Protein chains: 2
Amino acid sequence: MGHSQSEKKSNHERIVRTAAKRLREKGLEAVAIADVMKEVGLTVGGFYKHFDSRDDLVVEALRAASWQRSAQPADASEPSLSLAAFIDEYLSEKHRDRPGSGCLIGALAGDVARSNKRIRALATEKVRSALELIAGVLPGTTKESARKKAALTLSALVGALALSRAVSDESFSDEILQSVRELLKSVGTTDESSSVGAKSL
Amino acid sequence: MGHSQSEKKSNHERIVRTAAKRLREKGLEAVAIADVMKEVGLTVGGFYKHFDSRDDLVVEALRAASWQRSAQPADASEPSLSLAAFIDEYLSEKHRDRPGSGCLIGALAGDVARSNKRIRALATEKVRSALELIAGVLPGTTKESARKKAALTLSALVGALALSRAVSDESFSDEILQSVRELLKSVGTTDESSSVGAKSL
DNA sequence: ATTATCTATAGATCTATAGATAATGC
DNA sequence: ATTATCTATAGATCTATAGATAATGC
């Protein structure tokens, strides 16, 4: 029953990390405090020395979790390539099958819509930063054009991931991922005069 | 305490319709039997003469709910126009703000991914029919091309709707809807040689 | 006689708190 | 002395069932 400050800090971090994983796997409502504590190797009672409420844990866990799987494009000098690689990873079968270590927005957008103000405000900033990051690496003659394309790209990424996870027929799920990967890359990697349509043929 | 056969049938339908609405508003797990029954004007006890389990109600409610807000494109001779109109309606502020009467897939894709086999199998068919319907009204030189575009379109629709609902900043939410509406229509209404990129400028 | 509905409740589960215990840290 | 953790439990909520009640329908 040790309880040094450093041990508490370590436990706190493990609680947050475990919660962040389970939330993405099971949704914002389906994760129970007792289960998280048990997984960390603790019991329910100690929880409230770490958080005032369950909601506080959820907020902290969401804050800790990233919206993107891989971090910022490592090489900013090759934006298109990075974006294409990012799209391939985001819409990979691996990402689809591992929501716990995957994109926060993709896993929880539906839940957040029904959630409270605090959580929605937090999600808003996550979505905003995602959109801006994508807009930054997209080709576009104007900022506005790049931002619009980024909205389409982000929406298609999130939607295709959600659909591929919802569908139980694996080959159909694979088809969705592959189709969207292919068409979406042409939005990002080609210049203004080339076409999603042409690329898709 | 009337209980004629016709009254039972009518009650059954009202239970299903009410559940279908609340499920889309609150998610697959957050709707309680007692609340649905109360809204219909009945009490909990009677529920199990209508359904063997809560899961049976959910399945029937999902079956009853449509994935699309407006029905099939009324005029098949103008596919592009219909699709554009459908995109405008799907990504409207009205649809965003009324999930209860809106698209089933858009509201519940995230929940379905964590759900049981029965519900996922049902959702799979809903997604499949949605994809096929969109592919049918999309221009494309080959069936394969149209199907790929349909996957992108459906993903972007579902993703943009989810993001617009998750975000609490209304002008940001409007921006997402508008951007995706605009770019998505160019995928459907232009021929193969024109471009999403060009249209977006 | 059958059955659609009601009231009441058993059993499960979840958040949050109360009080005990034992290691830390002044 | 403080406090991080534990065990135990109160209170809320939800699914499902039991048994009573009263209208239907043969």
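The model shown is predicted, which means the values in this text are computed figures rather than measured ones.
- When heavy atoms are screened at a 4.0 angstrom cut-off, Lys49(A) is found touching base atoms of the nucleic acid.
- The partner of dA12(C), taking Watson-Crick or G-U wobble pairs whose two distances both stay under 3.5 Å, is dT13(D).
- For the pair Ile15(A) CD1 and dT15(C) P, the interatomic distance rounds to 14 Å; values are reported in whole Å.
- Taking the side chain as every heavy atom from C-beta outward, Asp97(A) and Lys94(A) never approach each other to under 4.5 Å.
- Using a 4.0 Å heavy-atom cutoff across all strands shown, Val40(B) reaches no nucleic acid atom at all.
- In this structure, Gln5(A) reaches the dA4(D) phosphate: one of its side-chain N or O atoms is under 4.0 Å from OP1 or OP2.
- Side-chain contact check for Glu175(B) versus Lys148(A): every heavy-atom pair is 4.5 Å or farther apart.
- Per the geometry, CZ belonging to Phe47(B) stands 13 Å off P belonging to dC6(C), to the nearest Å.
- The distance from atom CD1 of Ile33(B) to atom C1' of dC6(C) is 16 Å, rounded to the nearest whole Å.
- For dT5(C), the OP1/OP2 oxygens have a side-chain nitrogen or oxygen of His50(B) closer than 4.0 Å.
- Nearer the 5' end of DNA chain D, as judged by each residue's closest nucleotide, is the contact made by Gly45(B), out of Gly45(B) and Ser6(B).
- Taking the six-membered ring where tryptophan is involved, the planes of Tyr90(A) and His95(A) are perpendicular, since the angle between them exceeds 60° and thus also 30°.
- Residue Met37(A) contributes atom CE, which lies 13 Å from atom C1' of dA16(C) at whole-angstrom precision.
- Side-chain contact between Arg54(A) and Val31(A): present, with at least one pair of heavy atoms (C-beta onward) separated by less than 4.5 Å.
- Where Val44(B) and Lys8(B) meet DNA chain C, the nucleotide closest to each residue was compared, and Lys8(B) sits on the side nearer the 5' end.
- A close approach under 4.0 Å does not occur between any side-chain nitrogen or oxygen of Asn11(B) and OP1 or OP2 of dA4(C).
- A salt bridge is absent between Glu60(B) and Arg63(B): the closest approach of a Lys/Arg side-chain nitrogen to an acidic carboxylate oxygen does not fall below 4.0 angstrom.
- The distance between atom OH of Tyr48(A) and atom P of dT15(C), rounded to the nearest whole Å, is 6 Å.
- Remark: P of dT24(C) and CD of Glu7(A) are 8 Å apart, rounded to the nearest angstrom.
- Distance CD (Glu29(A)) to P (dT13(C)): 18 Å, rounded to an integer number of Å.
- Base pairing annotation: dT2(C) forms a Watson-Crick or G-U wobble pair with dA23(D), both donor-acceptor distances under 3.5 Å.
- The distance from atom NZ of Lys38(A) to atom P of dT13(C) is 12 Å, rounded to the nearest whole Å.
- Across dT15(D), dT5(C), dC6(D), the shortest atom-to-atom separation from the side chain of Arg54(B) is found for dT15(D).
- For dC6(C), one of the phosphate oxygens OP1 or OP2 lies less than 4.0 angstrom from a side-chain nitrogen or oxygen of Thr43(B).
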